[in-house]
Amino acid sequence: MIRVTLPTHLRTLAQVNGAVELAVAEPVTQRAILDALEAAYPMLRGTIRDMATQERRPFIRFFACGEDLSHESADEPVPAEVTAGTQPFRIIGAMAGG
Amino acid sequence: MSEVRVLVGTRKGAFILRSDEQRKDWTVEGPLFPGWEIYHITGTPSDPNRLYVSQSGGWFGQVIQRSDDGGKTWETVSNAFTYDGVPGTHQWYDGTQHPWEFTRVWHIEPSPTNADSIYAGVEDAALFHSNDGGRSWRELSGLRDVKSNLWQPGAGGMCLHTIVLTPDNPDRIFVAISAAGAFRTDDGGVTWRSVNQGLNSGNELPDAEAEVGHCVHSITMHPSRPNILFMQKHWDVMRSDNAGDSWHEVSGNLPSDFGFPIGVHAHEPNTIYVVPITSDSHHFPPDGKLRVYRSRSGGNEWEALTEGLPQHDCYVNVFRNALAVDKLDSCGIYFGTTGGQVYVSADSGDHWMPIVHDLPPVLSVEVQILS
């Protein structure tokens, strides 16, 4: 199972506590994870990816295994530890403001 | 005894204020949706416990929720505001063309007779309709046929912020856009025309009397006189006696005719309210005095309403959707400020009191009377 962590506002919106677990067929990519996440939690549609373009929203970032994956291709496989479920795929609200 | 329920949208969540018809003692519930910008939370006239809320933010975009139990529980409905076709471009601040981009829902206007029929005004400016309680949305894209390449954003963005439905004539709708102007449909939203004749924007437009481009801040109508409209423009308070076909200025003796909201008394269709703001560059009341101005003559002659409002060192603003009027026999007037105060007058504006002092900046105020 893929583990995904969400920022506070989206945990509240999805009515979940802690990480969510998703079954995602391999190859596991960012797009596949987000598709599975939105299928399980439809209220998150449009909050992580733009509703029209399906591009990552500007103030959203994706982290995993200590790396920033925000600018990786949505169709590239994510790190093996994420696929194995030993590390979470972290969805982050970008730091902004003073 | 009726219950009064005030729905307040703020920069950091929504609040529900409750009282009885005396409107003296209040309870404050919230924040709902904490941390989100609540541009509008409103109730449905035909089903008062059906509420709709627009929650948005720069990080996570737009969410629409609805409640069927007066705000006790909420469910997300569709946030798929997809423009019809390729929306093209509009004018940017510097006069160049800029792509149309959806940002947020500014205003939700339910039908007076059907709780499932609701309109949403969005930024970049467009009007959407849902006939299934928000589960799906369809743009009424004929609006953008009216010279939309010449529309431009105001300071708050290019937003469709005002939707006025016409009693007994569901085919006639008025909308207002900053900075494009006022528009009217007479066929339920299929085709639209600009209704800006008489507006003068010499400080903002190269052609002061252009067909579109005017920064209209809000419009109101008394339901008993659907052909008479009142408008607070960027500068100037205006009136139309022919459903927007032409406008004339009624600013009269106001200390400033710049402002955002405008409201009409529930039982006196010629009594209107504005909150003058110093200027477009000074978004606070003249002389540090928070004054609501009332005209009992449909404009031109205005009186300052000050009792209970701060009359020194007050530098808040009142946004366009942040003034509301109730329908009790002794008409109540409500408004919220950027300083987080929500004020009420239970006597048509003669006396005011704060309901709450320290909310986040108030974006919208609506009031419901529950029997």
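Here is the naming used below: chain letters follow the sequence lines, and residue numbers restart at 1 for every chain.
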- Message: Are there residues of residues 132-155 of chain B whose heavy atoms fall under 4.5 Å of chain A's heavy atoms? If so, which?
- Response: none
- Tell me, for A:L44 versus chain B, whether the close heavy atoms (under 4.5 Å) come from the side chain, the backbone, both or neither. neither
- Item | side-chain contact (heavy atoms from CB on, under 4.5 Å) between B:N79 and A:M43, intermediate numbers included | CA-CA 9 Å; B:N79 57 352; A:M43 68 285 283; over 6 Å; no
- Contact class of B:E75 relative to chain A, heavy atoms under 4.5 angstrom: neither
- Task: Evaluate ring pair (Phe, Tyr, Trp, His ring centres under 6.0 Å) for B:W59 paired with A:H9, printing each intermediate quantity in order.
- Result: CA-CA 10 Å; B:W59 280 260; A:H9 282 330; 8.3 Å; no
- Message: The test is side-chain contact (heavy atoms from CB on, under 4.5 Å); show your working for B:F60 and A:I48 and say whether it passes.
- Response: CA-CA 6 Å; B:F60 308 115; A:I48 299 167; 5.8 Å; no
- Query: Which distance, rounded to the nearest 0.5 Å, do you find between the OG1 of A:T47 and the CD of B:Q62?
  - Reply: 11.5 Å
- Message: Is A:P7 in contact with chain B via its backbone, its side chain, both, or neither, using a 4.5 Å heavy-atom distance?
- Response: side chain
- A:Q15, A:M51, A:R57: which one forms the most heavy-atom pairs within less than 4.5 Å of chain B? A:R57
- Quick check: are there more than 12 heavy atoms from other residues, nucleotides or ligands sitting under 6.0 Å from CG of B:D69? yes
